[in-house]
> 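Pasting a structure below so you can have a look.
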Amino acid sequence: MKKNLLYILLFSLAFGSCKKDPTEPLIGNTDERLSATLAEYQAQLVSAQFGWKGYLLTDNKTPATFLFNFNDKNRITMTADYRTTSAESSYRLKALQKPTLLFDSYSTLHLIADPTSSVFGGTTAAGYYSDFEFAFLSSSTDTIKLEGTFNKSKLILIRSKSAAESSAIFTVLNNVAATASKIRTYFKRTTIGGIECEVKWDPAAQILAFSYLDNGSLKTVTSNYYVSGSFVTLYEPLVIGTTTVKQISDVVYDAAALAVNGNINGSAIQIKEAITPLKLDVGAAQRWYNQMFANSNGTWVSDKAFHANGLDDFCNFKNVAGYQTLWYAGPTVFGGTSEGLIAFVNNALGAPYALSRNPFGINSGIARFTLGTNAGTFTGTTAIAQAMTAARAILYGGATVGSAQDWYLIPTSDTGKNYDMVRVSDAQAWISWRPR
């Protein structure tokens with residue numbers, strides 16, 4: 001009996017030693033799985049013969065386009081739309097909270113994240129709120145989506161299919177910007193899914209916005225975009241009625257129609273010139289005027305001055321030595337009851353210069369600026385005289401006393417603090433204002 005019990009005990013021990021440890025992972029060790037995943041990502045990055053097209057959108061909505069070439073020695077070469085000379089640096093993949101791509105030596109990418117504003121502009125201590133460490137969000141054969149680990153920048157990598165595609169990466173971006181700028185009017189219209197939309201297209205900031213009437217109220221949806229091949233792709237899909245817009249393809253200018261043609265979800269669209277807003281905010285002009293007195297020193301400021309006839313800084317203020325910004329100043333600056341536009345230049349030119357004092361009025365939501373008798377005279381061939389004369393002609397529509405021009409005031413921020421001022425007669429001249 002004792003012998004039988006001994007056999008049973010020995011058999012049980014032997015059987016137990018053959019059972020798998022229940023604590024052992026069924027699909028392998030976690031570190032091993034992470035290492036395998038990182039190796040797969042690295043192999044994918046290296047495998048792109050013609051490199052990866054990179055599309056970055058920083059946390060403050062600054063867009064940038066790159067061409068990245070990764071090798072198996074953890075080295076990378078890159079060019080960007082803001083620096084097209086090729087530069088080599090290093091990269092590595094590491095398991096942080098998620099598999100992460102680290103650009104771990106100073107590179108072209110680091111410029112827009114540099115916290116020293118004198119290096120590449122941006123905000124002191126923050127740059128353009130970009131990143132140089134990116135966590136993998138998703139991956140397919142030809143597309144990798146990543147997110148910055150600190151500022152949550154978006155980075156999309158798309159495999160380039162040919163040397164020609166790689167060499168054209170910045171050209172196609174510039175071509176789309178040139179195509180968009182051929183529509184000379186501030187207001188633009190299209191129809192999407194049977195709904196009439198006003199289009200706001202900003203090629204410099206790479207922003208597309210569509211506004212449409214929803215039960216009488218103006219509704220606006222907005223997204224940044226990037227350009228890859230023949231596609232203008234939105235970072236965030238936009239819903240207009242029952243239509244979801246993810247990208248616009250085949251963007252070309254139609255000179256005969258004075259319009260930009262494209263395709264959304266297989267349906268042709270045409271973005272046309274318009275000279276009136278889809279719905280005028282009739283209270284905006286008065287709010288703009290009232291807000292002037294709430295601003296510091298009763299002043300509105302424009303960084304780019306007047307855009308007109310398809311040209312930024314139409315009046316060439318950039319040619320004025322020391323020029324900084326253009327102002328619209330109220331009575332608290334000039335005194336009396338008149339307002340006027342002034343250009344702020346350096347003290348060597350006797351800053352500031354008054355463009356003119358002028359009566360200001362509002363009729364049915366439209367602002368009217370009238371050239372007053374105390375407008376001042378700007379003569380000669382100096383840069384400041386020519387710029388001032390050109391600006392006065394745009395603002396008032398003429399140089400004689402009593403000349404007047406009507407303008408729309410269009411709010412451009414949710415807070416109501418920024419406005420665009422658009423010429424009513426043809427919508428081909430405008431200026432953007434921000435509080436001083």
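Excluded from the calculations below are hydrogen atoms, water molecules and symmetry mates; all remaining heavy atoms, backbone and side chain alike, are included.
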> Can you check whether F187's main-chain N or O pairs, donor with acceptor, with T185's side chain at less than 3.5 Å?
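Yes: the side chain of T185 pairs with the backbone of F187.
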> Taking only Lys NZ, Arg NE, NH1 and NH2, and the carboxylate oxygens of Asp or Glu, determine whether D312 and K304 approach each other closer than 4.0 Å.
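Not counted as a salt bridge, because no side-chain N and carboxylate O are separated by less than 4.0 Å.
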> Is there side-chain contact between N418 and W433, with at least one heavy-atom pair below 4.5 Å?
no
> Can Q286 and N290 be counted as having a side-chain donor-acceptor contact under 3.5 angstrom?
yes
> Within the distance-only criterion (no hydrogens, no angle test), does the side chain of W288 pair as donor or acceptor with the backbone N or O of P411 below 3.5 angstrom?
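No, W288 side chain to P411 backbone: no donor-acceptor pair under 3.5 Å.
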> Consider only side-chain N and O atoms of S211 and E198, and report whether a donor and an acceptor are under 3.5 Å apart.
no
> Is a side-chain donor or acceptor of T58 paired with a backbone partner of Y128 at a separation under 3.5 angstrom?
yes
> Could you tell me if Q270 and N261 have a donor-acceptor pair between their side chains, going purely by distance under 3.5 Å?
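Distance-only check passes for N261 and Q270.
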> For a quick check under 3.5 Å, do Y289 and W300 share a side-chain donor-acceptor pair by atom type?
no
> Are any side-chain N or O atoms of N265 and backbone N or O atoms of T244, one a donor and one an acceptor, separated by less than 3.5 Å?
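Side chain of N265 to backbone of T244: a pair is present.
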> Does R189 have more than 12 heavy atoms from other residues, nucleotides or ligands lying within 6.0 Å of its CZ?
yes
> I'd like to know if the side chain of D131 reaches the main chain of N151, judged simply by a donor and an acceptor atom lying under 3.5 Å from each other, with no hydrogens or angles considered.
yes
> Hey, is K188 close enough to E273 for a salt bridge, meaning N to O under 4.0 Å?
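Salt bridge between K188 and E273, a charged N being under 4.0 Å from a carboxylate O: no.
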> Between D406 and R423, does at least one N-O distance fall below 4.0 Å, as a salt bridge requires?
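No, this pair does not count.
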> Without swapping roles, check the side chain of S302 against the backbone of S432 for a donor-acceptor pair under 3.5 Å.
yes
> Give a yes-or-no answer on whether the side chains of S160 and K53 include a donor-acceptor pair shorter than 3.5 Å.
no
> Heavy-atom distance under 4.5 Å between the side chains of Y235 and Y55, does that happen here?
yes
> More than 12 non-hydrogen atoms from neighbouring residues, nucleotides or ligands closer than 6.0 Å to NZ on K318, yes or no?
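Counting other residues, nucleotides and ligands, NZ of K318 exceeds 12 neighbours.
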